[in-house]
Amino acid sequence: MSSGRTRTTTMKLAAVAFYAFALGLLAVGLREMLTGFEENRCSMTYMFEYPEYRRVALPRRVARLYPAYGLYLYGEGLYAQETRALKLTGAPVLFLPGNAGSYKQARSLGSVALRKAENMEGGLHFNVFTVDFNEELVALYGGSLRRQTHFLHESIKAILRLYKHLKNPPQSVVLVGHSMGGVVARALFTLPRFNTNLVGLIITQASPHLAPVLALDPYLLDFYSAVRHKWVNQANKFRNITVLSVGGGYRDYQVRSGLTSLPCPSGDPNKLSLVATAVPRMWVSTDHLSIVWCKELVLATVRAFFDLINPETRQFTENPEKKMAVLNHHFIRHPVRMLGETQDTSISILDFPEAWSEVNTLRLAYSTPKEGQVKYFLFALSSRRKAYSHFYCRSNNLEMNSWVYGCMHKNGSQCVHAVDLSMGTELLPPYKVLILSLSDLSSVTHLVVSASNLNNRQFMVECEWQRKEFQTLSVPAPHVLSFGFTVSDVTVNSSGLLHNIELQHFHQVYQAFRISIASHCKVHKDRLSSVYRIMVPWYREDTLTTVSVPSVTEISGMLHTSRPDNTSAVILQLHTAPNCQYKVSIRTSLPRVLGQILRFCGPTVPVYTAVTLLLACGGQLSSILHSRRAVAMSQVVGRGLQPHKVSLPVYSLHILLSCSWFQEVWSILCLPLMDTLPPTFPDTTFHEGVLPVEEWPHLLSPLLYMLGAAVAYWGSTVLCLIMQGISLILAPLHRPSVSRDCGTLQLRTQLIIILCLTVIGGTSCGALSIFAAFLLHLYRVLRLQMTERSLSHMLNLAPQRHSEAVNGTVEVECLDRPKECNGTPLLSECALQQVKDDLQLHLCLSALFTLPVMVSTPSLIHWIRNLRYSTQLDPDPCWPHIVPLITVYMLLINGNTLKLCNSKLLPLTSCLPLPLAITMVIFSPLHLYRVTYFVLATLIPLVLCCLL
């Protein structure tokens, strides 16, 4: 007996240690995902005058259909007074808030646009409108998305009606959508009567276009499916619609930047997707809210708006090429001027021979004097073409004007005729950079670099000849399973200004590295800062780090998207100081790997939590079937981690589905597609309901299963502790009970409650009825908890019976003679054991009951927040399963282990959780609301066991 107890204690301690380790991994990953990023370097936007939001009157029909929504015009100061009569003359811009977003978030965009308009000639300005969506939780409850889309359509028509008095009224509106507001903007084009000419440009900020973050109801997925089908399958109709999507970067843990990629056919020139860290003049990551007010991004947006204005009509241009040129200028590269603009490229200082200097060395390093002067440097190409492939030049004079020319005709030491080569200039945080390929300059004899400082501003210019193969190095990235013990390093000893290091085998989102760059210079002098840039060729997600020299800097090596092909590699680009040594060390970071796994596969963790609780329920039923005893909650949940029984069949099915013959069989059986997480590679084009399948999430399923099981284990432990604490508080309010039937209800009472809750759910909110039924079941658990404590305290006064229980006499009697034990006195160890068994059974059921409650919580919150507008939730995602769910909750209140032991259906019922758990993993990662269906499929046979 003692050895058995020792073995049991050891197993309990091992389970606690294992799940503590799993919880630690989960905590490390969550900490890295939520806090493992740079500090917020966004500048705040401020209002210089008090902001005002003037409500725009809508037609009565619209106001009656959408009483919770509203349309407002942003204004402040004198502008707000001038627009009180809504006689508007500007270009209309409409801001769309996102999930739980306020219409007042438009103040950053509106205020900056007003301030910049004060400095514009000709009175060019914008009228910034904003929509009030009542701060609805549309990221979790999709029933309002279609309603928001229809209201947006009506708002656009109302806005354009305000300009009818103008000679050239606007024909379209520019939409700026934050979060789900960007998805709603694209959903406009799914409306049957929508005129596509009403919207010419859409800019979205942190909008999950590829897929929803969590799919807690079918309406959300249906909405996404309709939008995706329209934009992908009918892409030719929307080629003139320009869409720009900006992701927030790693600071945005709510919507990962990979989801902000626009699903569109390859080659669509009018669709742009990028990450905020790659935007010129911004170069910072934003969280999900700060992307709205981040001054750097707001300025880029407003500058683009002013460049999009047609001077003749004073409205936004309708030319798609012009729109893309402006967006590329402000969000992609920021050259000296936009494509198509003309600029005088002549060099007009031919009368100053002293301004010209010919450079015969391989490198130029020049600092302008304090006094203003005209200065040009001339580089001969004829002697450099064979030995070098590129010309590199940089200057910390950030004025974006022409500064590098190609000389076509030379007169002595001066250039007579030149062409402007500055269009390839790229703006980096400390300086502008131009890299010219000599093979593209066949008609150019000399290169001319302007270092004139006519405004008396000092700056530096550094140029050099380069050979590409000498500037490029390769280093293999450590394997993800090296756990940081393996280091790959490379030393850059060259004296050049630019070096590219290819990071081989770095192309998956689950990889994460700590990249340390140490710079050392022999001579200490003033130098331009170094820039370390991680370049991702297949997506615009570059990150830049500016450091002084010498220094030791650590940067993160992580990806927002996986490589879609095998033709490119991530490049670490170093803009270095001359005559300095740089050592680059790369090692895997386990915390960041865990953070990346949770960032991309986090939605599967709740599924595996549900799987663990489902298998725990099956284990409890098996224990009752074989030993007529219920096992402790912690033990049965601890045994719910069975990856060999769950993950292995799922992975086998995944392999089989790659075979064409099995796919045909699958389609013949009319089975739904196997759930897969949204693809991690960008610009995915896929057909309705068909998502590309990636291998690595299936290989990580054991780890995700372990994390989900840890949530189930410690969550059930917390549930037990909460029940014990509440029972202690409520015990003085209840008469002490010693019966296992405490908290039960008569069948008639149960039927009345079921009927009432069904009516309430049908006329108000189904989640409310589910929550009420869940509370009634929790009351049964609390009564059992109080009864178990009362019996334990009473039996402490009967030492003889207690000693018999210790020796196992009473327990044997309870197991061998359950029917007689049922008729024994209430104050006995047998009665206590029965109450304990029932308590463990109902604790297990309560943990399982929490899953449908949590899935339906967003719809309940939405209903509560809209009570003043409507008492009924429409549509209600809980309605299809509200009746069976409430019935199951109520009828299981009277369930106990004795009824289950006597049921002939128990052997079959105890076998159901395992196949249902496997099916849940197959069909629920993307459709989380399906978890409720599998819980019902487990509980309905259990109810029959208690009744029959």
Side-chain angles (χ1 to χ4, degrees), residues 142-143 146 190 210-212 214-234 263 603-604 606-608 610-611 614-615 618 645-679 684-695 697-698 701 766 851-852 855-856 875-885 888 908-909 911-941 944:
R146 183 59 58 182
T190 65
L210 206 56
L214 290 175
L216 297 181
D217 62 58
Y219 308 119
L220 193 59
L221 283 175
D222 291 344
F223 183 82
Y224 266 86
S225 178
V227 175
R228 183 172 61 244
H229 179 273
K230 194 74 172 181
W231 282 84
V232 173
N233 294 357
Q234 302 182 28
T604 62
V607 175
Y608 284 112
V611 165
L614 206 61
L615 294 180
K645 294 183 179 180
V646 177
S647 299
L648 190 59
V650 173
Y651 187 63
S652 301
L653 179 63
H654 166 66
I655 295 176
L656 287 174
L657 281 173
S658 62
C659 304
S660 58
W661 65 269
F662 193 80
Q663 292 178 5
E664 294 178 1
V665 174
W666 192 270
S667 59
I668 290 173
L669 296 175
C670 298
L671 294 173
L673 293 171
M674 184 177 180
D675 257 14
T676 56
L677 291 174
T684 306
T685 57
F686 42 83
H687 297 288
E688 181 75 15
V690 180
L691 290 173
V693 178
E694 295 180 277
E695 194 77 20
H698 294 281
S701 59
L851 299 175
V855 169
S856 60
D876 191 346
C878 300
W879 180 243
H881 50 262
I882 181 176
V883 176
L885 204 59
V888 164
L908 177 61
T909 303
C911 295
L912 285 177
L914 179 58
L916 288 174
I918 296 173
T919 311
M920 184 189 295
V921 176
I922 295 173
F923 296 115
S924 295
L926 190 61
H927 303 73
L928 287 178
Y929 61 89
R930 290 178 179 172
V931 169
T932 301
Y933 305 151
F934 294 105
V935 171
L936 269 176
T938 304
L939 296 179
I940 290 176
L944 296 178

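Just so it is clear, the values below take in all heavy atoms, side chains as well, and ignore hydrogens, waters and symmetry mates.
Residues passing the side-chain hydrogen bond (donor to acceptor under 3.5 Å, both in side chains) test with H927 are D675, sequence neighbours excluded. Residues passing the side-chain contact (heavy atoms from CB on, under 4.5 Å) test with V855 are Y929, T932, sequence neighbours excluded. Under the side-chain hydrogen bond (donor to acceptor under 3.5 Å, both in side chains) criterion, Y224 pairs with no residue at all, not counting sequence neighbours. Residues forming a side-chain hydrogen bond (donor to acceptor under 3.5 Å, both in side chains) with T190 (at least two apart in sequence, or on another chain): R146. Shown here are the side-chain contact (heavy atoms from CB on, under 4.5 Å) partners of L908, two or more places apart in sequence or in another chain: there are none. Take D876 and apply the side-chain hydrogen bond (donor to acceptor under 3.5 Å, both in side chains) test, not counting sequence neighbours, and it matches no residue.
Using a 30° and 60° split on the angle between ring planes, Y933 and H881 fall in the perpendicular class, above 60°.
P941 and A937 get closest at one heavy-atom pair: CD-O, 3.1 Å. In terms of heavy atoms, S856 sits closest to C878 at CB-SG, 3.4 Å. Closest approach of F934 and L916 over heavy atoms only: CD2-O, 3.8 Å. For the residue pair V607 and P925, the shortest heavy atom distance occurs at CG2-CA, 3.9 Å. Here the closest heavy-atom approach between residue P603 and residue L214 is recorded as CB-CD2, 4.1 Å. Among all heavy-atom pairs drawn from T938 and P913, the shortest one is CG2-CG, 4.2 Å.
To the nearest 0.5 Å, the span separating CG on D217 from CG on D222 amounts to 9.0 Å. The CD atom of Q663 sits 9.5 Å away from atom CG of L673, with the distance rounded to the nearest 0.5 Å. Atom CZ of R228 sits about 9.5 Å away from atom CG of N233, to the nearest 0.5 Å. Atom CD1 of I940 sits about 8.0 Å away from atom CG of L944, to the nearest 0.5 Å.
Between the W666 side chain and the P672 main chain, a donor and an acceptor come within less than 3.5 Å of each other.
Using a 4.5 Å heavy-atom cutoff, the side chains of L926 and P678 are in contact. For the pair P263/W231, no side-chain contact is recorded, criterion being any heavy-atom separation below 4.5 Å from C-beta on. Between S701 and Y651, every side-chain heavy-atom pair lies at or beyond the 4.5 Å cut-off. Side-chain contact between V650 and M674 is present, with heavy atoms from C-beta onward closer than 4.5 Å. Counting only heavy atoms from C-beta outward, the side chains of W879 and I882 approach each other to under 4.5 Å.
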**OP:** Evaluate the side chain to side chain contact (heavy atoms under 4.5 Å, CB included) criterion for residues F662 and L653: first the C-alpha distance (whole Å), next the side-chain angles of each, then the deciding distance (0.1 Å), finally the verdict.
**Re:** CA-CA 9 Å; F662 193 80; L653 179 63; 3.5 Å; yes
